[in-house]
Amino acid sequence: MSKAAVVVGVQWGDEGKGKVVDALAEHFDIVARYQGGANAGHTVIADGRKHVLQLLPAGVVRPDRIAVIGNGVVIDPEALAREIHCLEESEIKIGSRLRISDRAHLILPWHRSHEIAAEAARGDAQIGTTSKGIGPTYEDKAGRRGLRTCDLRDEASFRAKCSEMGKEKNRLAAALFDSVHDDGAWVDRYLAAAEGIVPRLTDVSAFLNSALDGGHRVLFEGAQGTMLDIDHGTYPFVTSSSAAAGGASIGTGVGPTRLGKVIGVSKAYATRVGSGPFPTEAAGEDADKIRERGGEYGAVTGRPRRCGWFDVPAARYAARLNYLSHLVITKLDILDHLAEIPVGVQYELDGNRLDSFPPDVDAVERLKMRYISLPGWQQPTFGLQNYDELPQRAREYLQFISREVGVPIAMVSTGPERHQTIWMDTSSVPKD
Ligand code: GDP
Ligand code: IMO
Ligand code: MG
């Protein structure tokens with residue numbers, strides 16, 4: 001029996017993965033991030049304090065858990081140093097609890113500036129990225145010219161590599177974007193930040209595999225969500241990494257058969273931040289009310305999130321891609337006010353019923369959704385911890401989602417704090 005599990009976003013990110021990982025981490029020894037970078041914003045509220053984690057796995061908030069940043073993550077050393085500093089300021093000691101892959105790619109300043117210039121050049125077709133340099137860093141990784149964390153070990157060679165790469169990036173910037181010129185002044189700052197990184201560099205695959213051999217429990221924490229996955233999401237309105245559960249294997253060097261359970265996190269409704277198709281997007285007052293009640297503003301960028309209804313066909317698509325063993329439904333409490341709750345149950349494309357998710361965004365934009373309306377419960381569920389305390393209609397809503405998606409619900413979240421959680425199926429976590 002594998003003592004591992006993967007937490008993956010079912011939708012377009014911000015499903016509440018931070019809260020859920022923090023709650024699940026009670027049953028795990030190690031929490032490992034496997035992809036993405038500081039584009040993620042995972043909110044954890046513990047002991048009344050709010051932490052927004054961007055690169056560090058959410059498990060780090062618990063005092064004695066080991067936190068791992070896998071090779072699939074792209075790291076801005078300054079951002080990581082700031083995040084570690086910020087947590088230590090709030091009395092969360094990180095010390096030797098953090099291991100960082102010696103093979104993770106580095107975000108360099110030109111990745112950020114080129115991304116901003118490239119987004120501006122796209123005009124109306126902007127992806128609406130987080131401007132953290134994520135896409136260009138993965139481009140250089142796939143182009144086999146990236147710099148990695150292990151390159152920080154040798155200062156002279158790092159300087160030489162940056163200088164060489166800088167020349168090429170400046171030629172590129174002059175040709176494509178006109179104005180961006182990099183003078184390399186940041187290299188000293190990166191090397192200063194590296195002082196907190198180099199001593200923590202580890203062969204993460206070796207570390208995690210031997211931890212699993214030794215009976216330790218490992219939770220893999222995905223960032224973004226399935227619908228933002230580079231391969232399976234609403235391309236090109238996606239992020240540049242493998243956010244789906246398979247990314248956990250690639251992004252940490254742990255073989256697929258060791259990953260154990262796959263827990264998909266979804267809001268009881270849906271949101272999306274940035275551009276791209278969103279089949280169940282709501283408009284007007286309905287959307288505004290959910291945005292205000294749910295505090296649906298980006299944890300990283302502060303951008304208002306687009307809001308809409310639960311999308312059954314998209315969730316089924318995510319269930320298949322990730323082979324979800326369990327679902328976690330978050331933010332049930334945000335729907336407490338509604339008399340009726342629309343749920344998108346069937347796509348139609350050009351007049352025909354569609355039972356899959358189209359590959360091209362033009363087709364996704366043309367989808368017509370058939371909705372059904374479930375009766376709301378119009379009673380507070382905020383903070384409830386027992387399934388039996390939920391209003392009957394809230395239970396029916398959850399049962400409907402589970403049945404339609406075809407995946408049992410492991411947990412329901414009724415508030416942002418750790419204890420505001422209803423456990424429904426503890427087979428999602430290893431036995432203690
Ligand atoms: P993540 O990126 O998937 O970790 O999600 P974010 O942290 O970006 O966004 C989720 C937001 O919802 C955060 O502000 C959480 O504190 C909050 N949240 C998570 N679960 C619940 C819940 O069940 N109820 C309420 N009211 N808020 C929640
Ligand atoms: P967490 O882990 C929601 C979105 C951006 C943009 C697209 C590409 O907190 O759920 P990128 O900067 O990655 O190149 O942007 O992906 N995006 C997210 N949306 N939650 C996230 O992370 C996201 N990370 C990226 O808004 O549309
Ligand atoms: Mg987030």
Side-chain angles (χ1 to χ4, degrees), residues 7-23 33-46 50-55 57-58 73-74 107 111-112 115-116 118-119 126-139 221-230 233-241 243 264-278 290 292-306 328-336 380-385 411-422:
V7 166
V8 62
V10 166
Q11 301 166 307
W12 283 274
D14 300 327
E15 297 92 346
K17 298 177 293 297
K19 139 91 199 233
V20 171
V21 167
D22 174 58
R33 265 282 300 272
Y34 60 82
Q35 44 67 239
N39 50 346
H42 295 181
T43 314
V44 174
I45 301 182
K50 176 171 162 178
H51 309 278
V52 178
L53 299 154
Q54 295 192 251
L55 277 161
V73 175
V74 286
I107 298 182
H111 292 133
R112 284 191 298 272
E115 175 181 350
I116 291 165
E119 275 280 89
Q126 274 187 18
I127 292 166
T129 65
T130 57
S131 309
K132 302 286 180 184
I134 305 295
T137 306
Y138 282 114
E139 279 178 47
E221 174 179 346
Q224 291 80 55
T226 306
M227 304 310 283
L228 287 173
D229 180 276
I230 180 79
T234 47
Y235 191 92
F237 298 98
V238 292
T239 190
S240 298
S241 65
V265 183
S266 171
K267 283 175 183 160
Y269 49 97
T271 63
R272 172 164 204 168
V273 60
S275 326
F278 182 6
I290 293 211
E292 291 319 312
R293 285 181 57 83
E296 297 295 357
Y297 296 89
V300 175
T301 59
R303 292 180 290 176
R305 295 175 183 151
R306 298 155 64 192
V328 172
I329 301 297
T330 62
K331 304 190 94 162
L332 185 73
D333 54 295
I334 304 307
L335 302 182
D336 287 351
T381 63
F382 183 75
L384 294 184
Q385 297 177 40
M411 182 194 277
V412 178
S413 173
T414 56
E417 301 211 29
R418 197 178 276 171
H419 63 273
Q420 294 171 325
T421 299
I422 299 172

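Just the heavy atoms: all of them, side chains too, but no hydrogens, waters or symmetry mates, feed the values below. Numbering of ligands and ligand atoms starts at 1, following listing order.
Residue Glu221 places no heavy atom under 4.0 Å from ligand 1. Ligand 2 has at least one atom lying under 4.0 Å from a heavy atom of Lys17. Ligand 1 does not have Gly13 within reach: every non-hydrogen atom of the residue lies 4.0 Å or more from it. Under a 4.0 Å heavy-atom criterion, Gly41 is in contact with ligand 2. The closest approach between a heavy atom of Val238 and any atom of ligand 2 is below 4.0 Å. Distances shorter than 4.0 angstrom occur between a heavy atom of His42 and an atom of ligand 2.
Taking only nitrogen or oxygen atoms, main chain and side chain alike, Ser275 does not reach within less than 3.5 Å of ligand 2. Between Ala299 and ligand 1, not a single N/O pair is under 3.5 Å apart. Considering backbone and side-chain N/O of Gly415, one or more are found under 3.5 Å from N/O of ligand 1. On a distance-only criterion, Ile45 and ligand 1 share no N/O pair closer than 3.5 Å. By the 3.5 Å distance cut-off applied to N or O atoms, Asp14 is counted among the residues near ligand 1.
A donor-acceptor contact shorter than 3.5 Å links the side chain of Tyr138 to the backbone of Gly36. Proximity of a side-chain donor or acceptor of Glu296 to a complementary backbone N or O of Pro304 within less than 3.5 Å is not detected. No donor-acceptor distance shorter than 3.5 angstrom exists from the side chain of Arg112 to the backbone of Ser131, with no hydrogens or angles considered. Tyr297 places no side-chain N or O within 3.5 Å of a backbone atom of Glu292 that could act as its donor or acceptor partner. The backbone N or O of Gly133 lies less than 3.5 Å from a partner atom in the side chain of Glu115, making a donor-acceptor pair. Judged by distance alone, with hydrogens and angles left aside, the side-chain atoms of Arg272 form a donor-acceptor pair with the main-chain N or O of Ser275 at under 3.5 Å. Using a distance-only test at 3.5 Å, with no hydrogens or angles considered, no donor-acceptor pair links the side chain of Glu221 to the main chain of Val21.
Summary of contacts: the protein heavy atom closest to atom 20 (N) of ligand 2 is Asp14 OD1, 3.1 Å. Summary of contacts: the protein heavy atom closest to atom 6 (P) of ligand 1 is Gly41 O, 3.5 Å. Ranking the protein heavy atoms by distance from atom 16 (O) of ligand 1 puts Pro416 CB, 3.4 Å first. Looking only at protein heavy atoms, the nearest one to atom 5 (C) of ligand 2 is Gly128 O, 3.6 Å. Scanning the protein for heavy atoms near atom 20 (N) of ligand 1, the closest one is Ser413 OG, 3.5 Å. Nearest protein neighbour of atom 15 (O) of ligand 2, counting heavy atoms only, is Thr129 CA, 3.4 Å. Atom 26 (O) of ligand 2 has Arg303 NH2, 2.8 Å as its closest protein atom, hydrogens excluded (heavy atom only). For atom 19 (N) of ligand 2, the nearest protein heavy atom (residue, atom name, distance) is Val273 CG1, 3.3 Å. The protein heavy-atom contact nearest to atom 25 (C) of ligand 2 is Gln224 CG, 3.7 Å. If you check which protein heavy atom lies closest to atom 11 (C) of ligand 1, you get Lys331 NZ, 3.5 Å. Nearest non-hydrogen protein atom to atom 4 (O) of ligand 1 is Gly18 N, 2.8 Å. Here the heavy atom of the protein found nearest to atom 12 (O) of ligand 2 is Thr130 OG1, 2.5 Å.
Residue-ligand proximity, Thr414 to ligand 1, at heavy-atom distances under 4.0 Å covers atoms 23 (O), 24 (N). The Arg305 neighbourhood of ligand 1 comprises atoms 8 (O), 9 (O), with distances under 4.0 Å to a heavy atom of that residue. Every atom of ligand 1 with a heavy atom of Asp333 under 4.0 Å away is listed here by number and element: 22 (C), 23 (O), 24 (N), 25 (C), 26 (N). Remark: ligand 1 atoms within the under-4.0 Å shell around heavy atoms of Thr43 are 4 (O), 6 (P), 7 (O), 13 (C), 14 (O), 15 (C), 16 (O).
Residue Trp12 forms a ring-ring contact (aromatic ring centres under 6.0 Å, His included) with just one option from Phe237, Tyr269, Phe278, and that option is Phe278. Checked options Asn39, Asp229, Asp14; the residue passing with Gln224 is Asn39 (criterion: side-chain hydrogen bond (donor to acceptor under 3.5 Å, both in side chains)). For the side-chain hydrogen bond (donor to acceptor under 3.5 Å, both in side chains) criterion with Ser266, the lone passing option out of Lys331, Gln11, Glu15 is Gln11. Test Arg418, His51, Lys17, His42 against Asp22 for side-chain hydrogen bond (donor to acceptor under 3.5 Å, both in side chains) and you get one pass: Arg418.
With a 4.0 Å cut-off on non-hydrogen atoms, His51 does not touch ligand 1 at all. Contacts with ligand 2 closer than 4.0 Å are made by no heavy atom of Phe237, backbone or side chain. Only the side chain of Ile334 comes within contact range of ligand 1, with a heavy atom under 4.0 Å; no backbone atom does. Contact annotation: for Val265 versus ligand 1, there are no heavy atoms closer than 4.0 Å.
Relative to atom 17 (N) of ligand 2, the option among Asn39, Leu228, Thr239 with the closest non-hydrogen atom is Leu228. With atom 1 (P) of ligand 1 as the reference point, the heavy atom nearest to it among Lys50, Glu296, Lys17 is part of Lys17.
For Lys19 and Thr421, the side-chain atoms include at least one donor-acceptor pair closer than 3.5 Å. No donor-acceptor contact under 3.5 angstrom links the side chains of Asp333 and Thr414, judged on distance only.
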Show, in sequence, the C-alpha distance, side-chain angles and deciding distance for Arg293 and Asp336, and conclude whether the side chain to side chain contact (heavy atoms under 4.5 Å, CB included) test is met.
CA-CA 10 Å; Arg293 285 181 57 83; Asp336 287 351; 3.7 Å; yes
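Among heteroatoms of the N, O or S kind in Asp14, OD1 lies nearest the Mg ion (ligand 3).
Side-chain contact between Ile127 and Val238 is absent, with no heavy-atom pair separated by less than 4.5 Å.
Here Ala223 fails the criterion, with no N, O or S atom under 2.8 Å of the Mg ion (ligand 3).
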